[in-house]
Amino acid sequence: MTARDRILSAIRTALGPGKPPAQIAAEAAALLDPAGIARPHLVAPVLPDAFALKATALGTTIDRVASMADLPQAMARYLDAHGLPPRFAMQPAPELAALDWQGLAPHQGTAPDEPTALGLALCGIAESGSLVIHSGPDNPILMSFLPLHHVAVLRESTLLPYLEDYAARLSAQAVPRNAILITGPSGTTDIEGSYVRGAHGPGFLHVILIADAGTEPG
Amino acid sequence: MNAPSKAPFKARAKAALADPVLKTAIDRTTGNAERKRAAAVAAFPEFEAARARGKAIKDHVVAHLDHYLEMFERNAAARGAQVHWAADDAEARAIVTRICLAADARLVTRAKSMLGEEIGLPHALADAGIERVETDLAEHIIQLAGEAPSHIIWPAMHRTREQVAELFKTGHHPPPAAEDPATMVQSARTQLRTKFLSADIGISGANFLVADTGATCTVTNEGNAELTTTPPRIHIVTAGIEKLVPSTAHAFALLRLLVRSATGGEMTQYTTFHAGPKRPGDADGPEEMHIVLVDNGRTKMLADEFREMLRCIRCGACMNHCVVYRQIGGHAYGGTYPGPMGSVLTPVLDGLAASRDLPNACTMNGRCAEVCPVGIPLPTLLRAWRRRSWREGLEPGSIRTGIGLWAQLARRPRLYRLATRIGLPLLRLFGRGGWISRLPLAGGWTDHRDLPRPAAQSFMDQYRAQQKGRK
Amino acid sequence: MPGEPKPTVGLFVTCLVDAIRPQIGFAALQLLEEAGCTVEVPQAQTCCGQPALNSGDDRDAAHLARQTIAAFEGYDHVVLPSGSCAATMVHGYPDLLAGDPEWAARARAMAAKTHEITSFLADVMGYAPSGRRCDASATYHDSCSGLRELGIADQPRALLAHVEGLEMRGLPGNDACCGFGGTFCVKYSDISNAIVTEKAEAIEETGADILLAGDLGCLMNMAGKLHRRGAKTRCFHTVEVLAGRATGPAIGEDAP
Ligand code: SF4
């Protein structure tokens with residue numbers, strides 16, 4: 001007998017006869033809190049505000065702008081404020097490449113000690129202030145982990161209220177290789193419980209929130 | 001597996017109690033954890049409802065474990081991952097080493113996984129001549145110190161900042177410029193950066209195995225898991241079979257409980273689902289993904305009275321709130337898992353004969369069960385081990401004789417009255433004032449505290465005399 | 001309750017009260033009678049069986065459970081001045097005897113009418129002491145079994161609030177175990193000592209004259225440690241203060 005057979009047969013001996021898969025699936029679905037009684041409340045009535053409150057509480061900084069066209073300026077503002085060079089790694093996404101970067105110098109590929117990287121978030125989650133990224137041909141995962149400063153573009157129209165809403169979205173599409181929820185800058189409490197930012201991942205997480213859902217910025 | 005010392009439990013505990021630095025370190029971390037958890041739970045009024053749901057989700061998975069294992073295997077394979085099964089720790093070690101050797105791996109990075117510790121992965125890699133680099137900051141600290149984890153969330157919590165500074169001074173090249181945590185963390189970041197990028201294999205654990213997508217899920221605050229699993233050619237996951245959840249949404253329901261109970265946060269900084277290796281056209285990612293599903297005693301627990309322990313999501317709340325853990329720390333327990341959950345698990349993993357002290361060294365105060373986010377009745381399970389230890393004759397003769405004699409008396413009320421009538425006055429002879437400060441055979445008590453002198457006459461005798469008087 | 005027949009109460013004083021501090025038993029008796037109960041103290045009581053139960057010796061524990069049930073099941077209520085012994089009867093007995101066709105139902109029936117004394121007085125009898133005075137500051141330790149297995153937290157505090165002159169002070173870590181744990185405190189005495197040392201420090205820091213708790217085992221542990229440390233804190237069971245009997249010697253002060 002293989003280990004697989006031994007494990008499965010030990011389980012079946014312990015559990016007795018199983019139920020039909022459809023019944024198991026129904027039971028599993030019933031455990032999902034459709035009425036939302038077991039999840040936290042959003043901290044503000046509109047999603048961008050709720051998202052922003054949660055995200056900033058965790059040390060993420062937020063710049064709310066009107067449209068994608070404002071992105072180069074917002075990026076320049078951030079680099080300037082942190083005394084960062086105008087060179088930064090940029091996700092190879094057509095909508096980023098299409099913008100006029102003026103005096104800035106985006107490039108592709110992320111060096112091990114890259115100071116700054118700019119990428120697109122797939123969506124955001126208001127409950128927790130999380131950004132979501134999926135891996136893919138135009139989204140290298142390391143770009144979000146190697147730099148000291150991670151700047152993410154998030155459209156308000158993509159904000160989802162709860163973690164479950166993201167799970168539903170995920171199950172409606174092909175499973176990505178990596179699906180990552182980023183909730184604040186990297187940190188650690190491993191030395192005497194004192195919190196230090198930038199353990200291995202980015203020490204700074206900056207979100208440029210695009211007001212494309214009809215909500216006024218600010 | 002990683003028992004730091006072969007000394008008996010009591011000796012280990014005594015040594016830990018004599019270490020004031022250890023106590024300081026424990027108090028700092030567990031005190032913080034307790035306060036932060038309380039605040040996180042208070043800020044989440046639905047916590048009780050969430051806990052009931054979390055418990056129900058885990059029970060559901062455990063009740064259909066075979067179904068979900070097969071579903072997970074199918075879906076993981078469909079994503080291109082290779083699924084392996086290991087009945088015990090030795091099989092799991094063999095599978096991982098075989099993959100490493102076949103890939104001619106020299107350097108392996110590892111993201112903290114208690115299951116990896118449980119199956120003895122660090123030693124197995126060393127035996128195979130493979131360089132292992134721990135990437136979690138705490139694991140990095142204890143790797144430099146040559147120690148095992150002392151806590152399942154903060155493996156290096158037994159070390160103070162000054163001790164960490166000492167370790168980094170010799171272990172980092174160049175040594176950190178200063179001894180404050182921020183500078184030391186920065187130094188570790190620099191040290192490990194090149195290792196991440198030059199590793200042949202990255203090994204992680206999994207907080208969840210998602211059955212309907214075939215994804216494994218890691219949660220970290222440092223971002224080391226993604227740096228461990230993305231650059232190397234091969235990603236190996238080792239996970240216990242109890243980590244299954246039906247779907248991503250179920251994982252989130254448990255994640256809410258896990259993070260609040262573990263660190264008092266609401267969400268870990270990085271929650272990552274890994275479904276198979278690099279796809280055609282992907283910008284980065286490993287070329288192979290292996291998932292090792294480990295039983296190692298779990299099906300045994302499923303079959304007997306420890307089934308409820310399979311709900312454990314390894315949050316560490318039970319140890320943060322345990323009066324015993326807070327005195328002796330994690331290493332004194334001698335197993336992979338310390339604290340209340342460890343005292344239930346270690347007898348499964350290492351055998352009851354070698355670990356009978358653990359379920360006994362508990363005051364049964366119930367605080368662990370009170371904070372457990374999946375409602376595991378830890379004291380009940382510890383009691384089950386005590387029962388088994390008694391039945392199997394593992395309890396020491398002195399205890400068996402003592403309890404036996406006492407029970408013989410207690411089972412005979414008249415004889416018991418007679419014994420108190422004779423015994424109490426005798427005991428009073430040892431007293432001075434109202435207290436007894438030394439009593440033969442009761443050193444366990446009087447070594448540390450005084451014993452109130454018993455009454456000259458028992459309640460029952462006084463009461464009887466009063467009743468007679470009334471009639 | 002005028003007009004209605006008085007409820008009968010079987011008082012289980014516990015083995016520790018019987019041997020160490022009978023006054024707690026008499027205080028309990030007094031309070032129950034004041035609350036309007038007819039109280040009896042069955043002579044067949046010894047120990048609830050907790051030492052056996054906690055050592056894994058289920059056979060002896062089950063024997064004591066049957067013996068106790070037989071002696072007490074005839075009363076309307078069973079009351080104990082101890083949260084941990086009460087919890088043993090409420091939760092331990094039904095578990096121990098679950099597989100015994102004859103005794104399982106009897107264990108459950110008795111569990112349903114078994115109470116720790118302060119919860120019985122406050123919740124069942126609606127009793128409040130009157131005319132009691134105790135001019136002192138006091139702090140209260142929540143004993144674990146009573147707190148977590150029976151939900152005893154507000155009742156003793158509510159009852160104590162009726163005692164005039166008593167100034168209650170909060171105890172940091174009031175719900176953390178004192179390190180007694182029955183046989184634990186002698187089997188693992190070094191660990192127990194470390195725990196009770198911290199507890200004693202917290203008690204001393206409140207500056208309270210008196211320490212109160214609802215379990216004599218915990219009280220002996222804390223009182224014994226406080227005395228060894230030379231602290232001046234005096235220790236009483238809650239019912240002693242409620243019954244106005246905290247006027248004489250405290251635990252460990254030389255009793256006649
Ligand atoms: S037993 Fe409960 S509290 Fe302890 S680690 Fe497991 S889930 Fe957390």
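In the text below, chain A, chain B and the rest are named by the order of the sequence lines, each starting its count at 1. Computed from a prediction, not measured in an experiment: that's the story for all the values here.
- Interface remark: A:Leu148 contributes backbone and side-chain atoms alike to the contact with chain B (heavy atom separation under 4.5 Å).
- In terms of heavy-atom pairs under 4.5 Å with chain B, the best-connected choice from A:Ile182, A:Leu8, A:Leu32 is A:Leu32.
- Of all the listed residues (A:Pro176, A:Pro40, A:Ala10, A:Ser130), the one sharing the greatest number of non-hydrogen pairs under 4.5 Å with chain B is A:Pro40.
- Using a 4.5 Å cut-off between heavy atoms, A:Pro185 touches chain B through its backbone atoms (N, CA, C, O) alone.
- Using the six-membered ring where Trp is involved, B:Phe252 and A:Tyr166 have ring planes that are tilted, between 30° and 60° apart.
- When each of B:Ala156, B:Ala63, B:Pro246 is checked for heavy-atom pairs under 4.5 Å with chain A, B:Ala63 comes out on top.
- Using a 4.5 Å cut-off between heavy atoms, A:Arg177 touches chain B through backbone and side chain atoms alike.
- There is a side-chain donor-acceptor pair under 3.5 Å between A:Thr188 and B:Glu222.
- When the heavy atoms of residues 210-217 of chain B are compared with those of chain A, the residues falling under 4.5 Å are B:Thr213, listed by number.
- Sequence neighbours left out, the pairs with a member in residues 7-20 of chain A that pass salt bridge (Lys or Arg N to Asp or Glu O under 4.0 Å) are A:Arg12-B:Asp66, A:Arg12-B:Glu70, A:Lys19-A:Glu27.
- Using a 4.5 Å cut-off between heavy atoms, A:Leu205 makes no contact with chain B at all.
- For the 3.5 Å distance criterion, the side chains of A:His200 and B:Glu226 fail to qualify, holding no donor opposite an acceptor.
- Of the two parts of A:Ala174, neither the backbone nor the side chain holds a non-hydrogen atom closer than 4.5 Å to a non-hydrogen atom of chain B.
- In this structure, a donor-acceptor pair under 3.5 Å is present between the side chains of B:Trp154 and A:Thr189.
- Only the side chain of A:Leu170 has a heavy atom closer than 4.5 Å to any heavy atom of chain B.
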